[in-house]
Amino acid sequence: MTSYERVLRFALSKGIVFPSCEIYGEAPAGFWEYGPLGVRLRNRFIEAWRRELVRRDEMIEIDGSQIMTKRVFLASGHLESFADPITKCRGCGSIFRADKLIEEKTNISVPERLSDSEISMMLEDRGIRCTNCNGELSEVTRFNMMFKVSVGPSGDEAYLRPETCQSIFVDFLRIYKTTTNKLPLALCQIGKSFRNEISPRQSILRQREFYQAEIEVFFNPKKADEFDKFEQYKDYALMLQPLNEDKAVKVTPSEAVASGLISNRLIAYYLVLIQRFYERLGINRESVRLRQLDSEERAFYARESWDLEVKTSLGWLELVACNNRGDYDLTRHMEVSGQDLSVVDDGERIVPHVFELSMGVDRSLYLLLEHLYLTDSKRTILRLPYHLAPIQVAVFPLVDKGELTKLAERIYNDLKVDFDSFYDSRESIGRRYRKMDELGTPFCVTVDHQSLEDGTVTVRDRDTMSQIRVPASELKQRIQRLLEESWGRACDRGLGES
RNA sequence: GCGGCCGUCGUCUAGCCUGGACUAGGACGUGGGCUUUCCGAGCCCGCAACCCGGGUUCAAAUCCCGGCGGCCGCACCA
């Protein structure tokens, strides 16, 4: 069994994630539900994102519409560039990427800019036929990866957003004016994006509806090196894999900027921030890399791209696309909307440039499960950092009897409002501990006979299995403090090697 | 979408080739009871499945066709 299968089996059997609409046989692939524990895990992950990136860096979070009008995507380029030219065999119905088919058959590269009819003509001129049945091929049409929706009774054309960042670009000027009025300005958003993938695969790794957490840093390109925040991380060990290299090497931001590998200090700083984020979630630094993309691999709007990838059983998994989008987005929205989105910075009117950190949330959660769902000779433990655990504290009576049960229930009822709590009184105490280990629950509170005499309970630590005795009246504060300390530990681990 | 393999309780699976003894068996899970009284103990009683549709047949989990889904490869991507 592969790690992927093991994780998926675990997730499915505990109801963490599972396929959407699964009682209907015809439900299309690429849609997944988060179950009770999955929602909590995701919420904790989002809290970590807010804490370690948003609040730490004083970013500003917004929440935009998922449905946006057509012209947004005319401006963004998605109507044109997010669509693949396809042709269908009139005989057997096979569908081909028209440009790829031509390249395959003739070794002539087909420029992206060509119109459908021009590509159709190439097919015809070269006498290209279906590779499956040698049938005649249809006119070239476009398969757009965006979901089209019609709005209102008049059916106005709109689309589900294929990335969350467009609302940030569209909203930029209003937020700029109502908040800091200053560059650089980091805006961010977490929410759903939608892509009509041809072939969704691998559960939550490749969905048609998925969560993105995106950060768009607006900056003045002339001042990208005048960036004070850079100082605190200038000696961090970035795991960079430059173009044409086959593995990552440790490079400090200072070196990377000096050598021109990273184009400026602002970008270097944000690359540190994002690498550090994963390290603080408990991912080993040696398993992380920032891989530089060449022009072939880059998205159509990017001029400098680094993909944050983490090693998994499925190979390197792309988690965060880090793109220097230049002034592409604001300029395009200015052209198409007719609105002026420029600002005055340092006495000069400019269109800000954008550096983006576009995180796949679902993928990140998979990664956590795969890296941290561990079995040794004795126990299976989901070794999440304590503050990410979906259940924070479990309360048990040592045995399910009279006064012990009553006291345990009272303690549980007191804790459940402040923490994600769990109560269980069945079977042996050891079994209950082990089940909590598997779900990553950091603390188990047990009410025993001594509790009835002196009002203390035991608190068991997930990783060490050791117990401390705590007055029940102090439980809330103690657990709170232990969870706080967990953030601190993650911090130490992240900074330890730099 | 194509090609290859595959689809049975919540999970993992037996059964399928060679149609009938399958009211579909087991393990884990789960609900209840007894026992136990700090690290996946034991016993008893329950719950729970043949992906969907059509066909062949006296009879389909089993054979055939189609759809949907999964895995791998191609292509695409957070």
Side-chain angles (χ1 to χ4, degrees), chain A residues 1-2 4-6 8-15 18-31 35 82-84 86-89 92-97 99-101 103-104 130-133 143 145 162-165 192-214 297 299 307-309 314 317-323 356-364 366-367 375 378-380 396-401 404 426-438 444 446-450 457-458 460 462 465-467:
Chain A
M1 185 177 24
T2 65
Y4 169 77
E5 288 167 342
R6 185 164 169 272
L8 206 67
R9 195 175 286 189
F10 168 62
L12 215 53
S13 65
K14 302 297 179 188
F18 50 92
S20 183
C21 308
E22 63 178 333
I23 66 169
Y24 288 95
E26 80 279 14
F31 299 95
F82 220 55
D84 297 330
I86 54 172
T87 177
K88 186 171 177 177
C89 170
C92 68
S94 296
I95 292 176
F96 303 94
R97 270 286 295 268
D99 53 342
K100 300 282 175 190
L101 189 63
E103 284 169 19
E104 187 186 316
C130 174
T131 56
N132 192 32
C133 71
F143 173 71
M145 303 241 297
E163 53 181 11
T164 57
C165 57
K192 286 250 174 113
S193 291
F194 305 83
R195 294 182 190 176
N196 203 357
E197 296 285 343
I198 297 169
S199 167
R201 289 264 168 95
Q202 293 176 318
S203 64
I204 59 171
L205 298 183
R206 181 92 181 285
Q207 302 177 84
R208 289 186 164 127
E209 176 177 341
F210 60 101
Y211 281 94
Q212 285 189 310
E214 293 196 300
E297 269 193 290
D307 271 357
L308 185 138
E309 301 176 331
L314 301 165
L317 180 64
E318 186 181 336
L319 296 178
V320 189
C322 310
N323 294 307
E356 153 186 273
L357 302 170
S358 175
M359 176 188 293
V361 173
D362 316 86
R363 288 181 170 191
S364 296
Y366 168 81
L367 170 85
T375 299
K378 288 198 173 65
R379 296 195 292 160
T380 295
F396 307 139
L398 182 59
V399 290
D400 192 10
K401 260 185 187 165
L404 284 182
R426 298 159 306 173
E427 302 183 290
S428 70
I429 190 70
R431 202 170 178 80
R432 284 177 262 160
Y433 287 148
R434 294 300 161 88
K435 284 180 182 171
M436 287 298 102
D437 289 340
E438 190 177 3
C444 292
T446 300
V447 175
D448 59 15
H449 294 101
Q450 189 182 332
V457 294
T458 61
R460 170 189 182 269
R462 180 193 73 197
M465 294 200 291
S466 63
Q467 292 179 305

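Letters A, B, ... mirror the listed sequences (proteins, then strands); counts begin at 1.
At distances below 3.5 Å, not a single donor-acceptor pair connects side-chain atoms of Asp400(A) with backbone N or O atoms of Arg426(A). Between the side chain of Ser193(A) and the backbone N or O of Thr164(A) there is at least one donor-acceptor pair closer than 3.5 Å.
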Between protein and nucleotides 45-47 of chain B, what N or O pairs are separated by less than 3.5 Å?
none

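Closest approach of Tyr366(A) to Ile204(A), counting heavy atoms only: CB-CD1, 4.0 Å. When all heavy atoms are compared, the tightest approach of Gln212(A) to Pro162(A) is OE1-O, 4.4 Å. Nearest heavy atom pair, residue Pro397(A) against residue Leu404(A), reads CB-O, 3.8 Å.
Asp448(A) comes within 4.0 angstrom of a base, heavy atoms only. Heavy atoms of Gln207(A) sit under 4.0 angstrom from at least one base atom. Within the nucleic acid shown, Ser193(A) has no heavy atom closer than 4.0 Å to any nucleic acid atom. As judged by a 4.0 angstrom heavy-atom cut-off over every strand, Glu197(A) is placed among the base-contacting residues. Using a 4.0 Å heavy-atom distance criterion, Glu438(A) is classed as a base contact. Nucleic acid contact class of Leu404(A) (heavy atoms, under 4.0 Å, all strands): none. Among the protein residues, Arg460(A) comes within range of the nucleic acid bases, having at least one heavy atom under 4.0 Å from a base atom. Using a 4.0 Å heavy-atom cutoff across all strands shown, Lys435(A) reaches at least one base atom of the nucleic acid.
In this entry the distance linking CZ of Arg208(A) with P of C68(B) reads 11 Å, nearest Å. Atom CG of Leu205(A) and atom P of G70(B) are 13 Å apart (whole Å). Taking atom CE on Met465(A) and atom P on G40(B), their separation rounds to 9 Å, with Å as the unit. Phe18(A) places its CZ atom 16 Å from the P atom of G70(B), with the value rounded to the nearest Å. To the nearest angstrom, P of G69(B) lies 17 Å from CG of Leu8(A). In this entry the distance linking NZ of Lys401(A) with P of U35(B) reads 7 Å, nearest Å.
With C38(B), C71(B), C39(B) as the choices, the nucleotide that has an atom nearest any side-chain atom of Thr446(A) turns out to be C38(B). For Glu427(A), the listed nucleotide lying nearest its side chain is U30(B); candidates were A78(B), C38(B), U30(B). Side-chain proximity of Arg431(A) to the nucleotides G29(B), A78(B), C38(B) is greatest for G29(B). Counting only heavy atoms from C-beta on, Arg434(A) has its side chain closest to G40(B) among C77(B), G40(B), C38(B). When each of C38(B), C72(B), A78(B) is scored by its nearest atom to the side-chain atoms of Gln212(A), the top-ranked nucleotide is A78(B). In this structure, of C72(B), U30(B), G40(B), it is C72(B) that holds the atom nearest to the side chain of Leu314(A). Among C72(B), C77(B), A41(B), the nucleotide with an atom closest to any side-chain atom of Ser428(A) is A41(B).
The pairing partner recorded for C63(B) is G55(B), the criterion being a Watson-Crick or G-U wobble arrangement whose two distances lie under 3.5 angstrom. In this structure C34(B) sits in a base pair with G42(B), meeting the Watson-Crick or G-U test at under 3.5 Å. Pairing of G10(B), defined by two Watson-Crick or G-U wobble distances under 3.5 Å, is identified with C28(B). C71(B) is paired with G4(B) under the Watson-Crick or G-U wobble criterion, all donor-acceptor distances under 3.5 Å.
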* To do: Could you go through the side chain to side chain contact (heavy atoms under 4.5 Å, CB included) check for Leu319(A) and Met359(A) one step at a time?
  => CA-CA 6 Å; Leu319(A) 296 178; Met359(A) 176 188 293; 5.8 Å; no
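Shown here is Lys192(A), whose NZ atom has more than 12 heavy atoms of other residues, nucleotides or ligands within 6.0 Å.
Between the C1' atoms of U30(B) and C71(B), the separation comes to 29 Å (whole Å). Rounded to whole Å, the separation between the P atoms of C65(B) and G26(B) comes to 33 Å. Between the C1' atoms of G70(B) and C51(B), the separation comes to 11 Å (whole Å). A59(B) sits 14 Å from A21(B) when the P atoms are compared, rounded to a whole Å. A41(B) and U35(B): their C1' atoms are spaced 10 Å apart (whole Å). Taking atom P on both C38(B) and C45(B), the two are 29 Å apart, rounded to the nearest angstrom. G29(B) and G73(B) are spaced 36 Å apart, taking the C1' atom of each and rounding to whole Å. Spacing of P atoms, G1(B) relative to G19(B), comes out at 34 Å, to the nearest Å.
Checking Pro200(A) against Ala299(A), the closest nucleotide of RNA chain B that is more toward the 5' end is the one next to Pro200(A). Nearest-nucleotide positions on RNA chain B place Arg9(A) closer to the 5' end than the other of Arg9(A) and Tyr4(A).
Screening Lys378(A), Arg460(A), Arg432(A) for a side-chain hydrogen bond (donor to acceptor under 3.5 Å, both in side chains) with Asp437(A), the sole residue that qualifies is Arg460(A).
Below the 3.5 angstrom threshold, one finds no donor paired with an acceptor across the side chain of Arg432(A) and the base of C38(B). In this model, a side-chain donor or acceptor of Gln467(A) finds a partner on the base of C38(B) within 3.5 Å.
Using a 5.5 Å limit on the distance between ring centres and a 30° limit on the angle between planes, the aromatic ring of Tyr433(A) does not count as stacked on the six-membered base ring of G40(B).
Remark: Arg6(A) pairs with no residue by the salt bridge (Lys or Arg N to Asp or Glu O under 4.0 Å) rule, at least two apart or across chains.
In this structure, CZ on Arg363(A) lies 6.0 Å from CD on Glu318(A), to the nearest 0.5 angstrom.
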